[in-house]
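Presented below is the structure to which this report refers.
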Amino acid sequence: MVSGAPGRGRYNRVVIDATSATAAGVGAFPQVRPRRLRVTAGIRRLVRETRVSPDQLVLPAFAVAGRGVEQPIEALAGQRRQSPDLLAETAARVAAAGVRAMLVFGVTDDKDPAASAAYEAGAPAQAAVAAIKEAVPDMVVITDVCLCGYTDHGHCGVVVDGRVHNDLSLELLARTAVSHAEAGADIVAPSDMMDGRVGAIRAALDAEGHEDVAVLSYAAKYASAFYGPFREAVGSAPSTGDRRGYQMDPPTIREALREIAQDELEGADMVMVKPAATYLDVIAAARAASELPVAAYQVSGEYAMLKAAAARGWLDEREAALETLTAIVRAGADVVITYFAEDAAGWLQEASA
Ligand code: PBG
């Protein structure tokens with residue numbers, strides 16, 4: 001019984017006597033007590049509904065030309081651009097930590113209106129793919145297929161009369177995807193948001209004998225403020241305008257389902273929602289609407305926020321990062337692309353040991 005005794009103020013001094021506790025039941029209580037399943041760590045672990053495994057994680061990686069080149073990315077603490085030889089070492093290290101997939105981005109100063117460096121054999125992304133595959137043949141190598149890092153204006157497609165020309169961009173995107181497949185990519189991931197690019201890429205891959213190379217479509221990619229640090233990493237911010245004419249409008253969700261349905265028809269093997277934490281509803285809707293594996297991208301801004309707060313001691317990095325990854329998987333993602341992949345794989349393995 002908890003009883004009041006005369007003392008200060010309205011509630012007085014409270015005397016706690018556990019031996020005489022009684023609970024007046026309303027409805028299912030006291031027979032039903034959800035807290036029983038939270039009493040010990042063992043029970044909580046037994047009945048946990050969502051489990052995140054290192055198998056689901058994909059580490060983004062930034063490739064630059066050269067040998068022995070390593071450039072830390074200030075806005076993405078702990079991440080770096082690396083030349084292909086060092087990326088191969090990174091692949092071996094993260095594989096040992098349990099990370100089985102990487103998403104490769106090429107970074108270059110070689111930019112022109114036709115994004116020529118995007119589909120050049122031996123350019124940083126292609127060289128990195130080959131180096132990673134040689135060093136760690138089992139690593140699943142995914143490549144980001146886009147033109148924004150290679151065009152002199154920074155848009156994701158070809159610009160004609162000041163506008164991104166959808167259909168002209170398709171041929172260059174397809175060419176880029178084929179060059180990644182030729183370098184050894186297992187999966188190509190178009191992130192440009194042009195209409196029809198999945199079909200164009202699928203047809204081009206098949207025509208070149210790459211029918212086993214899968215397409216992971218950035219199907220529902222929103223025009224998000226959370227890509228800021230990435231654009232520093234790759235130098236891909238558009239010099240004029242923004243990406244709202246092709247990336248999705250954040251307040252929409254039904255349109256995400258149209259994008260997914262269309263990409264499925266064009267032959268996508270997996271679909272992605274991006275960003276992740278601010279689009280958990282879209283992940284859940286995608287999971288319900290599609291039979292394909294659903295990937296979610298915890299983007300640069302999501303990572304940078306957590307890193308910045310953790311660096312100031314305002315958040316526990318490990319707990320906060322794992323909570324976000326759990327939420328993304330709970331919402332329905334099968335695959336999570338995250339800059340935390342290496343650390344998270346280690347944390348998850350420690351936690352399950
Ligand atoms: C290329 C691309 C971007 C990201 C992935 N692919 C940038 C953009 O669309 O501006 C963002 C990834 C991140 O923020 O971590 N189009």
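Read the numbers this way: they start at 1 and go in the same order the structure lists the ligands and their atoms.
Salt bridge annotation for D186-K133: present, with a cationic side-chain nitrogen under 4.0 angstrom from a carboxylate oxygen. A salt bridge does not link E89 to R93: none of the charged nitrogens lies less than 4.0 Å from a carboxylate oxygen. Between R318 and E350, at least one side-chain nitrogen of the basic residue sits less than 4.0 Å from a carboxylate oxygen of the acidic one, meeting the salt-bridge criterion. The pair R197-D263 meets the salt-bridge criterion, with a side-chain N (NZ, NE, NH1 or NH2) lying under 4.0 Å from an Asp/Glu carboxylate O. Comment: E266 does not engage R202 in a salt bridge, judged by the lack of any side-chain N to carboxylate O separation of less than 4.0 angstrom.
For Y303, the closest heavy-atom approach to ligand 1 does not fall below 4.0 Å.
The atoms of ligand 1 that sit less than 4.0 Å from any heavy atom of Y297 are 12 (C), 15 (O). Ligand-side atoms of ligand 1 in range of F105: 5 (C), 6 (N), range being under 4.0 angstrom from any heavy atom. For ligand 1, the atoms lying closer than 4.0 Å to a non-hydrogen atom of C148 are 1 (C), 16 (N).
Among the atoms of S236, none of the N or O lies under 3.5 angstrom from an N or O of ligand 1.
Heavy atoms of other residues, nucleotides or ligands lying less than 6.0 angstrom from CD of E211 number more than 12.
In terms of protein heavy atoms, atom 15 (O) of ligand 1 is closest to Y339 OH, 2.6 Å. In this structure, atom 6 (N) of ligand 1 lies nearest to the protein heavy atom D144 OD1, 3.2 Å. Of all protein heavy atoms, the one closest to atom 14 (O) of ligand 1 is S300 OG, 2.7 Å. For atom 9 (O) of ligand 1, the closest non-hydrogen atom of the protein is K221 NZ, 2.7 Å. Taking atom 12 (C) of ligand 1 as the reference point, the nearest protein heavy-atom neighbour is F230 CD1, 3.4 Å.
With sequence neighbours excluded, the residues that form a salt bridge (Lys or Arg N to Asp or Glu O under 4.0 Å) with R100 are D55. Residues forming a side chain to side chain donor-acceptor pair (under 3.5 Å) with E302 (at least two apart in sequence, or on another chain): none.
At a heavy-atom cutoff of 4.0 Å, ligand 1 is contacted by both the backbone and the side chain of S191.
Counting heavy atoms only, K274 comes closest to atom 5 (C) of ligand 1 of the residues K274, E302, Q247, R243.
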